[in-house]
Amino acid sequence: MTYDINEYYGVTISQARVGKPYIAVGEIFSRKTMQNVGITVQGEGRTWSAAVGRAMAEAHSNCPTDLPDDI
């Protein structure tokens, strides 16, 4: 699944392990070029939605603060 972090960056999250605990992993990418920026995020939870929520929280906190070079 792909989520927008802000107007410049997004994150693609997938399931790393089926079953409990659920683990969601993701890669942050530039929304303009669709290229990964090299930042990986991960979240773990008792449910899939909890794991995704934790991965998204990490994506928001680890998202680059500078604008991408392609702007």
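When reading the values below, keep in mind they use all heavy atoms of this one structure, side chains included, and skip hydrogens, waters and symmetry mates. Numbers here simply count residues along the sequence, with the first being 1. Everything quoted here is computed from the prediction, not taken from an experiment.
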Practice prompt. Please lay out, stage by stage, how Y22 and V52 fare under the test side-chain contact (heavy atoms from CB on, under 4.5 Å).
Written response: CA-CA 9 Å; Y22 290 91; V52 170; over 6 Å; no
Discussion item. I'd like to know whether M56 forms a side-chain contact (heavy atoms from CB on, under 4.5 Å) with I13, so could you lay out the CA-CA distance, the side-chain angles of the two residues, the decisive distance to 0.1 Å, and finally the verdict.
Written reply: CA-CA 9 Å; M56 281 300 298; I13 295 180; 3.8 Å; yes
Please table the atom pairs, donor to acceptor, closer than 3.5 Å between any side-chain atom in residues 36-51 and protein atoms at least two apart or in another chain.
| residue | atom | partner | partner atom | Å |
| --- | --- | --- | --- | --- |
| T40 | OG1 | E27 | OE2 | 2.8 |
| T47 | OG1 | S49 | OG | 3.4 |
| T47 | OG1 | A50 | N | 3.2 |

Discussion item. According to a hydrophobic-cluster definition based on side-chain heavy atoms being under 4.5 Å apart (Ile, Leu, Val, Met, Phe, Trp, Tyr only), do M34 and Y8 belong together?
Written reply: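 No; Y8 is not reachable from M34 via cluster members.
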Fill in: Contacts of D4 that satisfy side chain to side chain contact (heavy atoms under 4.5 Å, CB included) - sequence neighbours left out
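For D4 the side chain to side chain contact (heavy atoms under 4.5 Å, CB included) partners, ignoring immediate neighbours, are R31.
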Discussion item. Once side chain to side chain contact (heavy atoms under 4.5 Å, CB included) is applied, do any residues pair with S14, and if so which ones, sequence neighbours excluded?
Written reply: V25
Worksheet item: Looking at NE2 of H60 and OH of Y9, how far apart are the two atoms once the value is rounded to the nearest 0.5 Å?
Response: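 H60 atom NE2 to Y9 atom OH measures 14.5 Å (nearest 0.5 Å).
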Practice prompt. Drop me the distance from I28's CD1 to C63's SG, to the nearest 0.5 angstrom.
Written response: 5.5 Å
Practice prompt. Report the C-alpha distance between F29 and Q35 in whole Å, list the side-chain angles of each, state the deciding distance to 0.1 Å, and finish with yes or no for side-chain contact (heavy atoms from CB on, under 4.5 Å).
Written response: CA-CA 5 Å; F29 64 91; Q35 299 287 329; over 6 Å; no
Fill in: Residue pairs, two or more places apart or on separate chains, that pass salt bridge (charged side-chain N to carboxylate O under 4.0 Å, His left out) and touch residues 49-62
none
